[in-house]
Amino acid sequence: MTLTELNQRFAISNHVQFKEIADGIIIAEISNQHGNCNITLQGAHVATWQPRGQEPVIWLSPYAKFAPGKSIRGGVPICWPWFGPHATDAKLSGHGYARTVQWEVLETKALPDDTTFLRFGLVESDATRAQWPHPSPAQLEVTIGKTLRITLITQNNSQESFILGEALHTYFNISDVAKMKIRGLEGCDYLDKVGEPARRTQQDAIVIDSEVDRVYVDTEADCVIEDAGLKRAIRIAKSGSRSTVVWNPWTEKANKMGDFGEHGYRGMVCVESANAFDNLVTVKPGETHRLVVEYSLEAI
Ligand code: BG6
């Protein structure tokens with residue numbers, strides 16, 4: 001669909017319009033009384049969310065690349081239909097292909113309380129089928145209101161079960177990594193991916209002062225990022241997700257990545273609502289699986 005057709009069919013005045021921000025990269029620009037949000041059609045990638053009168057809640061690197069087939073550093077990348085490296089084929093992209101392929105707009109709606117709703121569908125192609133043979137249309141629903149609610153839907157339309165790994169790999173904007181704590185994972189077991197992989201148990205709130213790359217398993221708990229610098233907490237509520245990934249690359253890794261900037265890692269933390277490692281999901285024929293997150297702000 002061309003940009004003009006998209007706007008004719010799906011734009012809603014005072015809610016949603018579509019724009020081309022780089023060659024081949026179209027965004028849905030959402031603005032309502034609650035705040036602003038941008039979503040790229042490539043990857044159905046929520047790139048920004050800023051509630052009115054607040055600093056952005058979602059972090060987007062100033063060095064993020066917006067180009068066909070490239071993943072965006074920041075926002076809410078969709079890891080799907082596997083998380084991390086592919087189980088058997090190291091040539092396939094880490095975190096799956098959903099974040100770098102085109103999605104189509106299926107629906108836009110203005111809801112009575114001035115909330116905006118959008119629904120996207122992943123466009124399957126020969127390239128996606130070569131990586132994932134199961135007919136299993138993925139959809140993403142995004143509701144932008146007082147909170148940001150995102151639902152990743154996987155439908156198994158095949159005759160066989162498949163095993164799904166996934167994450168909403170959200171980068172949260174924080175004042176400074178030294179001024180924040182993450183609560184909600186105390187007592188949980190996690191796979192520590194920094195250095196030799198090891199299984200550990202989280203004792204207290206998470207404080208980050210070096211590289212952190214952890215997959216917390218068997219947890220459906222809310223997480224709260226307490227940010228003393230911005231005097232606010234970000235609450236992450238979820239359902240259909242039994243893993244939570246916490247990631248900050250710290251200096252050396254961020255420098256190697258080339259799209260963080262020199263101090264970018266200090267202003268972000270990823271708290272990803274996932275199904276990974278011990279918590280992969282078996283989706284049976286005809287079943288629909290939903291991973292839902294809802295982000296909100298609280299004063300502290
Ligand atoms: C996290 C992984 O989810 O994503 C990390 O646990 C990884 O190991 C990070 O480095 C970023 O991945 P990418 O592919 O977006 O650079």
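Owing to the predicted nature of the structure, the values given are computational and were not obtained by experimental measurement. Every number for a ligand or one of its atoms is a count from 1 in the order of the listing. Heads up: numbering here begins at 1 and tracks the sequence.
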Run the salt bridge (charged side-chain N to carboxylate O under 4.0 Å, His left out) check on Asp176 and Lys179 step by step: do they pass? CA-CA 5 Å; Asp176 186 279; Lys179 293 188 183 147; over 6 Å; no

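- Ser61 and Tyr171 share no side-chain donor-acceptor pair at under 3.5 Å.
- For the residue pair Arg99 and Tyr97, no side-chain donor N or O sits within less than 3.5 Å of a side-chain acceptor on the partner.
- Here salt bridge (charged side-chain N to carboxylate O under 4.0 Å, His left out) pairs that include residues 21-34, with residues two or more places apart or in two chains, are Lys19-Glu29.
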Give every pair formed by an N or O atom of ligand 1 and a protein N or O atom closer than 3.5 Å, one pair per line with both atom names and the distance to 0.1 Å, or write none.
residue, atom, partner, partner atom, Å
ligand 1, 3 (O), His95, NE2, 3.4
ligand 1, 3 (O), His169, NE2, 3.1
ligand 1, 3 (O), Glu272, OE1, 2.9
ligand 1, 3 (O), Glu272, OE2, 3.0
ligand 1, 4 (O), His95, NE2, 3.1
ligand 1, 4 (O), His169, NE2, 2.7
ligand 1, 6 (O), Lys193, NZ, 3.1
ligand 1, 6 (O), Asp213, OD1, 2.6
ligand 1, 8 (O), Asp213, OD2, 2.5
ligand 1, 14 (O), Arg99, NH2, 2.9
ligand 1, 15 (O), Arg73, NH1, 3.2
ligand 1, 15 (O), Arg99, NH1, 2.9
ligand 1, 16 (O), Arg73, NH1, 3.2
ligand 1, 16 (O), Arg73, NH2, 3.2

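- Of all heavy-atom pairs between Phe162 and Asn156, the closest is CE2-CG, 3.2 Å.
- Put simply, the residue from His34, His15, Lys109 that forms a side-chain hydrogen bond (donor to acceptor under 3.5 Å, both in side chains) with Thr116 is His15.
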